[in-house]
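Throughout, a chain's letter reflects where its sequence line sits, starting with A, and its residues are numbered from 1. Not measured: the values here are computed from a predicted model.
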Protein chains: 2
Amino acid sequence: MPETARRGDRIAASRYGNRPTMKDVAARAGVGLKTVSRVVNGEPGVTPDTERRVQEAIDALGFRRNDSARVLRKGRTASIGLVLEDLADPFYGPLSRAVEEVARAHGALLINGSSAEDPEREQELVLALCARRVDGLVVIPAGDDHRYLEPELKAGVATVFVDRPAGRIDADVVLSDSFGGARDGVAHLIAHGHRRIGFIGDMPRIHTAAERLRGYRAAMEDAGIAVADTWMSLGVTDPERVRRAAEEMLAGPSPVTAIFAGNNRVTVTVVRVLAETGRPVALVGFDDFELADLLRPGVTVVAQDAAALGRTAAERLFRQLDGGPLGPERIDLPTRLIQRGSGELPPAP
Amino acid sequence: MPETARRGDRIAASRYGNRPTMKDVAARAGVGLKTVSRVVNGEPGVTPDTERRVQEAIDALGFRRNDSARVLRKGRTASIGLVLEDLADPFYGPLSRAVEEVARAHGALLINGSSAEDPEREQELVLALCARRVDGLVVIPAGDDHRYLEPELKAGVATVFVDRPAGRIDADVVLSDSFGGARDGVAHLIAHGHRRIGFIGDMPRIHTAAERLRGYRAAMEDAGIAVADTWMSLGVTDPERVRRAAEEMLAGPSPVTAIFAGNNRVTVTVVRVLAETGRPVALVGFDDFELADLLRPGVTVVAQDAAALGRTAAERLFRQLDGGPLGPERIDLPTRLIQRGSGELPPAP
DNA sequence: TAGAGCCTGGACAACGTTGTCAGATGCGGG
DNA sequence: CCCGCATCTGACAACGTTGTCCAGGCTCTA
């Protein structure tokens, strides 16, 4: 008996999920549909008396405009998408917050998701956001091929990449100067007398990791130091492997006297290892982190401004939205070396 | 000449924003509209050959289904809203991430925003999410009156409050045991010989702050200690005022020998102050934070599990969505005292 | 080879809103 | 007293998708 089944569905649906529409409000207030729309949107041309009647009906029914329908009609969603790597990573908190503030200032909502550093998941997420018809996208890319975004770009979805450049596609990108920052950090260690300096970083597949490695090599080369393979550890971020990598560098006949850590998670783990071994090994980390100043010694870092990255990207996004696409541009934000002690230790004999 | 103006608008709109629809795909593939819909949604009843033709047209045009229209038709949006206090606060990173993971497992997207601890902004945000017709809401409340949500609850919007209870409304809530945690933390200090113990926390208007204060008072009373007004500092979280509050407690003829800090931001500031003064004052903080173990002394904390809060709330949300509303329930998650040194210091003479 | 039944494809309405346009109402002036 | 005008209101189509329902063509069997 399909009739009954259908009836049943309808009842269930109306019990949870059916909300009053403008039509309902109009009926209750004894006015036309469009008049309700006018009141809801604060359009002119409604007598105060009519407006009051409509407003009463709205309150009585608990009506809320259905933005899905509105979006369908108007074309713009007043929402932007943010795809980042991991919300739980403290680096992305301020970035995300900055993007949100800018979005809010432009009356837009933020839809976000984490790619967990998985290119496939990134694409899935981005396309889901596009299906929602977000007006724009801020993406911290996990993958290195973003050609799947071509139709979106052509259709005018404003897009800005942050922290790492887009792959095989022309798009705006906002970066920290990873190369220069790493070079400066390593040069700082060299200036304090170190020659055997270790590097622990992420997979070179990741642009920032590659750039930081390049900065490390450049600084070493500038100082005329040949780098031993055993000083470099790439593609290593989980605490257990970082720990092993650090311990290996510190063992052997000619151990490193200083370590450059490629990102804040690596830095923290290295701090732990050094605290345990108790050896006075110098350390400079890429990325600042909370409480770095409270440790003993304080941790010297190459700081990037996560909030500025987010703010810059979001502002550029809305400039695209307001004025149509600008030429793709690459914006490099400077880094800053903060000396706190760990980077100024002299080499152990 | 309004004709021209309108024409102009239309061109601009079509240049950026007009995307191919199923109709376009259907025309290009030489099939009917519904057939395209079937292919896009993987419904059965399409010959492989037809499917291939449709798929080619989709790829050629760069078609993406418009989920706004889909939502309008189907009723459910497969998205949930998360309203929290401040994404940049490290406490909310793991919480937010946990909510996202659960949402993802249920095929839903997460839309979020920060209330910045402002009740009005919270309401604005929640209602904007409801207008988007999110299927459910996870709210960390800033205000204490949520009657504005009554129509939404009646309409079946699944809602779970986290970290603080809802005001004047019956709804699910997932909390950490603030009272018990604070009482245990303060009792721990008392057990180590302290009697003059300071408390620095947020405004008692905030439920968790009030509960933690209550826990402090309870522990003191249990030990038969009369609390002096000068030992308590309420409504204080910004670093400058926390600093002053701590300094005042430590000055005067009978300074406190231990401090209980009401949340992690307060704790960190107090750590700074104590590090500067160099006095051996005992400290227990509510909320764990990264690196607490690396400080000297390590910081003893009452830890709550932010990820568990988020996970529990989101899971409950989807249980509501799957099975209709359950009775409103309050879930208390236990806290855990982690001894690291700062809470075990004996009172200075 | 004709009829029954299945499989594929398409026409049409509906979701809730907004833009367009035309009708209704009331007012003042001739 | 009637006309013109301004102001307010409502009917209608459209946004892009999906659910329903029906038509046509095919295969299989008798």
J.: When you check the phosphate oxygens OP1 and OP2 of D/dT9, does a side-chain N or O of A/T50 lie under 4.0 Å from one of them?
T.: yes
J.: Run the salt-bridge test on A/E152 and B/R19 with the 4.0 Å N-O cut-off and return the result as yes or no.
T.: yes
J.: Please give, in whole Å, the distance from C/dT8 C1' to B/R53 CZ?
T.: 12 Å
J.: Rounding to an integer number of Å, can you tell me how far A/M22 CE sits from D/dG10 C1'?
T.: 14 Å
J.: Scan B/G45 against the nucleic acid and name what it touches under 4.0 Å (heavy atoms): base, sugar-phosphate only, or nothing.
T.: sugar-phosphate
J.: For a quick test of reading the model, state the closest non-hydrogen atom pair linking B/L321 to B/R76 and the distance between them.
T.: O-NH2, 3.3 Å
J.: When the distance from CG of B/D49 to P of C/dT8 is rounded to whole Å, what number comes out?
T.: 12 Å
J.: Find which nucleotide of DNA chain C each of B/K74 and B/T47 is nearest to by heavy atoms, and output the residue with the more 5' nucleotide.
T.: B/T47
J.: What distance do B/S96 atom OG and B/D89 atom CG have between them, rounded to the nearest 0.5 Å?
T.: 11.5 Å
J.: Could you list by number each residue of residues 29-42 of chain A showing a heavy-atom separation from DNA chain C of less than 4.0 Å, or answer none if no residue does?
T.: A/L33, A/K34, A/S37, A/N41
J.: Is the shortest distance from a Lys or Arg side-chain nitrogen in A/R28 or A/D24 to a carboxylate oxygen in the other one below 4.0 Å?
T.: no
J.: Between atom CZ in B/R76 and atom P in C/dC15, what is the gap in whole Å?
T.: 19 Å
J.: Taking CZ from A/R132 and C1' from D/dT17, how many angstroms apart are they, rounded to a whole number?
T.: 14 Å
J.: Considering the terminal five base pairs at each end of the helix from C/dT1-D/dA30 to C/dG30-D/dC1, what angle separates the two local helix axes, rounded to 10°?
T.: 50°
J.: Taking the side chain as every heavy atom from C-beta outward, state whether A/T312 and A/I331 have any pair of such atoms under 4.5 Å apart.
T.: yes
J.: With distance as the sole criterion, is a donor-acceptor pair present between the side chains of A/Q123 and A/H146 under 3.5 Å?
T.: no
J.: Which pair of heavy atoms, one from B/T159 and one from B/V157, lies closest together, and at what distance?
T.: OG1-O, 3.0 Å
J.: Tell me the interatomic distance from B/E43, atom CD, to D/dT17, atom C1', rounded to whole angstroms.
T.: 11 Å
J.: So, for B/S114 and B/R121, which heavy atoms are closest and what is the spacing to 0.1 Å?
T.: O-NE, 3.2 Å
J.: Return yes if a side-chain donor-acceptor contact under 3.5 Å exists between A/R132 and B/N66, otherwise no.
T.: no
J.: Verify whether one side chain among A/D135 and A/T77 offers a donor that lies under 3.5 Å from an acceptor in the other.
T.: yes
J.: From CZ of A/R19 over to C1' of C/dC15, roughly how many Å is that when rounded to an integer?
T.: 15 Å
J.: Tell me which residues in residues 60-73 of chain A lie within less than 4.0 Å of DNA chain D, going by non-hydrogen atoms.
T.: A/L72, A/R73
J.: Got A/V174 and A/F161 here, is their nearest side-chain heavy-atom distance under 4.5 Å?
T.: no
J.: For the pair made of CZ in B/R52 and P in C/dG9, what is the distance, rounded to whole Å?
T.: 12 Å
